[in-house]
Amino acid sequence: MGDFRLRPVEEGDLPLITSWMNDPAVAAFWELAGPPEVTERHLRPQLAPGGPSRPYLGLLGGEPISYWEVYQAARDRLADHYPAGPDDLGVHLLIGPPSARGRGLGAVLIDAVAGELLRDCARVVAEPDVRNTASVRSFERAGFRCAGELQLPEKRAVLMIRERTRTESGR
């Protein structure tokens, strides 16, 4: 597959992320299609110090392939829908290039990122749209279990949870 790593989003990434948000397959679930200002309004609070969420680009072999948001679940509205632990981390992601989708890459990347996050937290959670069956399947293949459905303001979601195993503990 190649070397995969996350790096923090930078101002210069806005055109790429905007182009991904305007892809119809992404826009159907992220609802951030439009001019760069739409994406910028979404990213700006995450780039500010001390916020509960951080945006990352996933690089595969040095090339941007995915966009990630890692957030503190206890400080997110998701905590109103499940018993969030103080160190639970949540993830949102999208696979950017259409050529990278439908190849099973999502599950591999989710597994890698969750494995790293679980070194420092007890659980990783996600809440993909119930209509996004490819995303739900990817989380399941990456070791997440379905913990029920949630009605969020903008979507019906599947709560996905992956708990740390002994081998993932970095403590």
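We're numbering straight along the sequence, starting at 1.
Between R5 and L60 there is no side-chain heavy-atom pair separated by less than 4.5 Å. Put simply, the side chain of L109 reaches to within 4.5 Å of the side chain of I95, judged on heavy atoms. Using a 4.5 Å heavy-atom threshold, the side chains of D111 and R162 count as touching. In this structure, L105 and I65 have side chains that are in contact, with non-hydrogen atoms separated by less than 4.5 Å. A heavy-atom distance below 4.5 Å is found between the side chains of V136 and M160. Under the 4.5 Å side-chain criterion, counting only non-hydrogen atoms from C-beta, D87 is not in contact with D120. Side chains of L159 and F144 form no contact here, defined as non-hydrogen atoms less than 4.5 Å apart. The shortest distance between side-chain heavy atoms of L32 and I17 does not fall below 4.5 Å.
One finds a salt bridge joining D13 and R7 here, because a Lys/Arg side-chain nitrogen approaches an Asp/Glu carboxylate oxygen to under 4.0 Å.
If you take CG on L118 and CG on L89, they are separated by 8.5 Å, rounding to the nearest 0.5 Å. Rounded to the nearest 0.5 angstrom, E31 CD and D129 CG are separated by 8.0 Å.
For the side-chain hydrogen bond (donor to acceptor under 3.5 Å, both in side chains) test, no residue two or more places apart in sequence or in another chain qualifies with N132. Residues passing the side-chain hydrogen bond (donor to acceptor under 3.5 Å, both in side chains) test with T39, sequence neighbours excluded: T18. Residues passing the side chain to side chain contact (heavy atoms under 4.5 Å, CB included) test with P15, sequence neighbours excluded: none.
A side-chain hydrogen bond (donor to acceptor under 3.5 Å, both in side chains) check over residues 151-160, counting only residues at least two apart or in different chains, returns the pairs R77-E154, E149-R156. Within the structure, the salt bridge (Lys or Arg N to Asp or Glu O under 4.0 Å) test picks out the following pairs touching residues 134-147 (sequence neighbours left out): R145-E163. Residue pairs meeting the side-chain hydrogen bond (donor to acceptor under 3.5 Å, both in side chains) criterion with at least one partner in residues 62-73, sequence neighbours excluded, are H42-E69, Q46-E69, S66-W68, Y67-E69, E69-H92, Y71-E127, Q72-R75.
Within the 3.5 Å criterion, the main-chain N or O of G61 finds no donor-acceptor partner in the side chain of D3.
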